[in-house]
Amino acid sequence: MKTDVTEIARGVHRIATFHPDFGIQFNQFLVTDDEPFLMHTGMRRMFQSTLAGVSQVMDPARLRWIGFSHFEPDECGALNEWLALAPQALAVCGFVGATVMLNDFAERPARVLADGEVLATGTHRLRYLATPHVPHGWDAGLLFEEGDRTLFCSDLFFQPGDPAPLTEADVAGPAGVAIREGAKGPLANDIPYTPYTDATLRRLAALEPRTLAVMHGSSFRGDGRRAILELAGVLGEVLGKAERR
Ligand SMILES: [Fe+2]
Ligand SMILES: [Fe+2]
C-alpha cells in the first residue's frame, strides 16, 4: 500500500494510505513541532505504511504525543507499536479513554486531558474537546489546533474512495451522500444520534475552523463553521428522523 504525505496546514502533514480492501483512505495527521504530535496511529496491520509516511517527514523515534478520537483499530490500534518505537511518546486522551480503554490496552499510561485543556507542543496549541458519541464512542474527543484553526475531526465528513488530499470544494455534500448511502448498508448506525449530538456539532462549528482534517476522505480548507453546520443538518435529517421512527 502506498502512503502519500501532504502538508495541509502549517506544520500539519496528512499521512494518507488508501486500503483497497476497504475502498477508503486511512489518514493520520502529524504535527511537526518541538514535541511532535500524531493524530491517530492507524491500524496495527497498517503500521509499516503509516511509519513510512511519518519517516518522510521526521525521525519517528522523536514522536512525543499520540492523540486519537476514540478507541477503534484505525484510530489507535497501532498505539503500542508507536510506544515501542518512540521512547518519549505518550498517548493523550480524555478520562474515559484512559480509564476504560488504555489503562489495560496500552503499554504506558496515557496523559489525561480535561475538556478544554490545551496541549502545547512548542509553536502549536492543541485544545482537547470531549465529544461523547461524536462521531461515536463513549470516550470520543477531538483536538483543535488553535494557531491555524485546524480541527482534527476524525470520522466526521467521511467520504469513501481515494479523493484528493485537500479540497476547497464542498465536503458536507459528499459526506451527506455517504451518510445516506451508509444508512442502507451493513455498516449503518455508525454515528448515534444522541440528545447532545447537535449541541456538540454546534460547539465545534463555533470554533470557526479554517481546515478540517478528515480521517477518511479529503481534508477541507474554507469555512469550517458552515461545513459543520451543514453536516449537523444532514445528521439531524437522516439520523434524527430514524431515531424518532
Ligand atoms: Fe471510528
Ligand atoms: Fe476512523
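Counting starts at 1 for both ligands and their atoms, in listed order.
- Distances from the Fe ion (ligand 2) show that Glu72 has no N/O/S atom below 2.8 Å.
- Among the atoms of His216, an N, O or S atom falls under 2.8 Å of the Fe ion (ligand 2).
- Between Leu143 and Gly67, the shortest heavy-atom distance links the atoms CD1-CA, 4.5 Å.
- Around the Fe ion (ligand 2), the two atoms SD of Met215 and OD2 of Asp74 are separated by an angle of 100°, to 10 degrees.
- Within a 6.0 Å radius of CZ in Arg111, other residues, nucleotides and ligands contribute more than 12 heavy atoms.
- Between the side chain of Glu145 and the backbone N or O of Asp148 there is at least one donor-acceptor pair closer than 3.5 Å.
- For Asp162 and Lys2, the salt-bridge test fails: no basic side-chain N is under 4.0 Å from an acidic carboxylate O.
- Put simply, the side chain of Val57 does not reach to within 4.5 Å of the side chain of Glu7, judged on heavy atoms.
- The Fe ion (ligand 1) forms the vertex of an angle spanning NE2 of His70 and OD2 of Asp155; to the nearest 10 degrees it equals 100°.
- Within Glu75, OE2 is the N, O or S atom that lies nearest to the Fe ion (ligand 2).
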